[in-house]
Amino acid sequence: MPTARDIMTRDVSCVREQDDVRTAARRMAELGVGSLPICGDDNRLKGVLTDRDIVVKVLAQGRDPGSVTAGELAQGEAVTIGADDDAAEILRTMGEHKVRRLPVIDGHDLVGVVAVADVARSLPDRPVGDLIEAISERG
């Protein structure tokens with residue numbers, strides 16, 4: 001069974017804790033992604049910023065995206081997966097936390113991101129279909 005290291009996207013761009021949300025949104029647009037890991041000055045993962053976070057927690061509340069930092073939106077510890085965890089663990093973690101992307105950590109270092117699409121390309125359809133159902137269920 002493939003591991004996260006085998007199927008992850010390796011070139012991961014971070015947004016820094018002190019970067020404002022406008023900068024983060026521009027980076028997302030340039031990269032064509034809907035989320036970015038938030039990295040601290042120590043290069044450790046502090047959270048994940050999504051385009052939905054920007055809309056719901058900044059724009060919808062009338063906050064200025066130029067004055068809100070990515071670090072302010074990092075809530076709690078980010079859900080991650082180990083680089084050597086297998087696809088079954090990736091699916092279990094995604095389903096349990098209802099997320100579609102997981103930062104991949106090797107020790108304390110961010111080494112990649114694994115997305116549902118990565119898992120879908122590496123496994124038969126049914127486990128991925130089960131995952132999509134689990135993520136999509138409303139609690």
Taking distance alone, no hydrogens or angles, what donor-acceptor pairs closer than 3.5 Å link side-chain atoms of residues 101-108 to residues at least two apart or in another chain?
from, atom 1, to, atom 2, distance (Å)
Asp106, OD2, Arg5, NH1, 3.4
Asp106, OD2, Arg5, NH2, 3.4

Spacing of [X] atom [atom1] and [Y] atom [atom2] [to the nearest 0.5 Å]:
{"X": "Leu73", "Y": "Thr50", "atom1": "CG", "atom2": "OG1", "result": "9.0 Å"}
{"X": "Cys39", "Y": "Arg44", "atom1": "SG", "atom2": "CZ", "result": "12.0 Å"}
{"X": "Ile38", "Y": "Cys14", "atom1": "CD1", "atom2": "SG", "result": "9.5 Å"}
{"X": "Arg92", "Y": "His97", "atom1": "CZ", "atom2": "NE2", "result": "6.5 Å"}

Acceptor/donor pairs from residues 58-65 side chains to any protein atom, 3.5 angstrom cut, sequence neighbours excluded:
from, atom 1, to, atom 2, distance (Å)
Arg63, NH1, Lys57, O, 3.3
Arg63, NH2, Glu72, OE1, 3.2
Asp64, OD1, Arg22, NH2, 3.1
Asp64, OD1, Gly66, N, 2.9

Kindly give the cluster partners of Met1, where membership spreads through any ILVMFWY side chain lying under 4.5 Å from a current member. none
Is the backbone N or O of Val111 less than 3.5 Å from a side-chain atom of Asp109, with the two atoms forming a donor-acceptor pair by type? no
Side chains of [X] and [Y] in contact at under 4.5 Å (non-hydrogen atoms):
{"X": "Met28", "Y": "Leu49", "answer": "yes"}
{"X": "Val99", "Y": "Val48", "answer": "no"}
{"X": "Val15", "Y": "Thr23", "answer": "no"}

Are Ile7 and Ile90 close enough, and set up right, to give a side-chain contact (heavy atoms from CB on, under 4.5 Å), and what steps lead you there? CA-CA 11 Å; Ile7 62 176; Ile90 296 168; 4.0 Å; yes
